[in-house]
Amino acid sequence: EAGVVQSPRYKIIEKKQPVAFWCNPISGHNTLYWYLQNLGQGPELLIRYENEEAVDDSQLPKDRFSAERLKGVDSTLKIQPAELGDSAVYLCASSFGQGEETQYFGPGTRLLVL
Amino acid sequence: GENVEQHPSTLSVQEGDSAVIKCTYSDSASNYFPWYKQELGKRPQLIIDIRSNVGEKKDQRIAVTLNKTAKHFSLHITETQPEDSAVYFCAASINAGKSTFGDGTTLTVKP
């Protein structure tokens with residue numbers, strides 16, 4: 001079984017530029033999470049989807065961050081415009097849902113904003 | 001919201017010794033407590049989890065204990081090996097909802 005897939009793995013952009021990250025969860029997983037992980041810290045939830053619905057986006061900086069999960073499968077996280085402080089690893093995770101809590105993480109996208 | 005504190009931030013042990021990492025949480029409604037291992041540059045991987053209806057769970061050299069009254073849970077690794085060296089994260093969540101992670105413990109196992 002394929003794991004959670006993310007792309008790109010690395011991205012370097014200049015500040016004020018837009019950037020997008022893509023995630024393909026494990027087949028059959030209804031719940032999808034986007035996390036931000038700063039160096040030396042634990043992952044912090046940005047947004048959680050149950051199928052197509054964003055059920056928790058309280059930590060998503062909505063002035064510059066947006067996300068979508070069309071058809072309840074793949075998801076895209078976008079930052080526009082990027083700021084220096086956005087440099088971090090962006091992790092996607094998925095779980096089966098319906099009471100099955102185990103989350104499986106993707107390899108992450110390492111973003112560097114110059 | 002939930003607050004998870006993890007200690008120690010770094011831990012160095014000799015190969016073969018035991019390692020213990022502790023986490024406390026603030027929301028008494030949390031009922032699911034996973035532990036993740038993250039090697040440098042790699043994804044976090046679940047190593048063990050515990051739900052609030054049990055007090056202890058063991059899987060070979062790894063065990064987790066939960067004290068709901070005190071709101072803390074611990075990871076125990078026995079007979080440590082160099083390949084156990086990594087960053088370990090605890091987390092707490094309510095019914096598969098938002099997971100709050102600790103800041104991690106960097107474990108170094110010296111051969």
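So you know, we letter chains A, B, ... as the sequences are listed, proteins then strands, and number each from 1.
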With a 4.5 Å cut-off on side-chain heavy atoms, are B/F89 and A/Q41 touching?
no
Nearest 0.5 angstrom please: B/R43 CZ to A/Y104 OH, how far?
12.5 Å
Step through the shown structure and confirm whether more than 12 heavy atoms of other residues, nucleotides or ligands are within 6.0 Å of CD on B/Q60.
no
Check whether B/S99 gets within reach of chain A through its side chain, its backbone, both or neither, counting any heavy atom under 4.5 Å.
both
Atom CG of A/L84 with >12 non-hydrogen neighbours under 6.0 angstrom:
yes
Structural part of A/Q6 lying under 4.5 Å from a heavy atom of chain B
neither
CD of B/Q38 to CG of A/L91: how many Å apart, nearest 0.5 Å?
6.5 Å
Any non-hydrogen side-chain atom of B/Y36 less than 4.5 Å from a side-chain atom of A/Q103?
yes
Under 4.5 Å to a heavy atom of chain A? For B/P44 that would be both
Are more than 12 heavy atoms, taken from residues, nucleotides or ligands other than A/L39, located less than 6.0 Å from that residue's CG atom?
no
Looking at B/Q14, I'd like to know if its CD atom is crowded, meaning that more than 12 non-hydrogen atoms belonging to other residues, nucleotides or ligands lie closer than 6.0 Å.
yes
Any pair counted as ring pair (Phe, Tyr, Trp, His ring centres under 6.0 Å), so long as it reaches residues 37-64 of chain B, sequence neighbours left out
none
Has A/K62 got more than 12 heavy atoms of other residues, nucleotides or ligands less than 6.0 Å from its NZ?
yes
Heavy-atom proximity to chain A below 4.5 Å, by part of B/Q6
neither
Tell me whether the count of non-hydrogen atoms from other residues, nucleotides or ligands lying under 6.0 Å of CD in B/Q81 goes above 12.
yes
When the 4.5 angstrom heavy-atom criterion is applied to A/E44 and chain B, the contacting part is neither
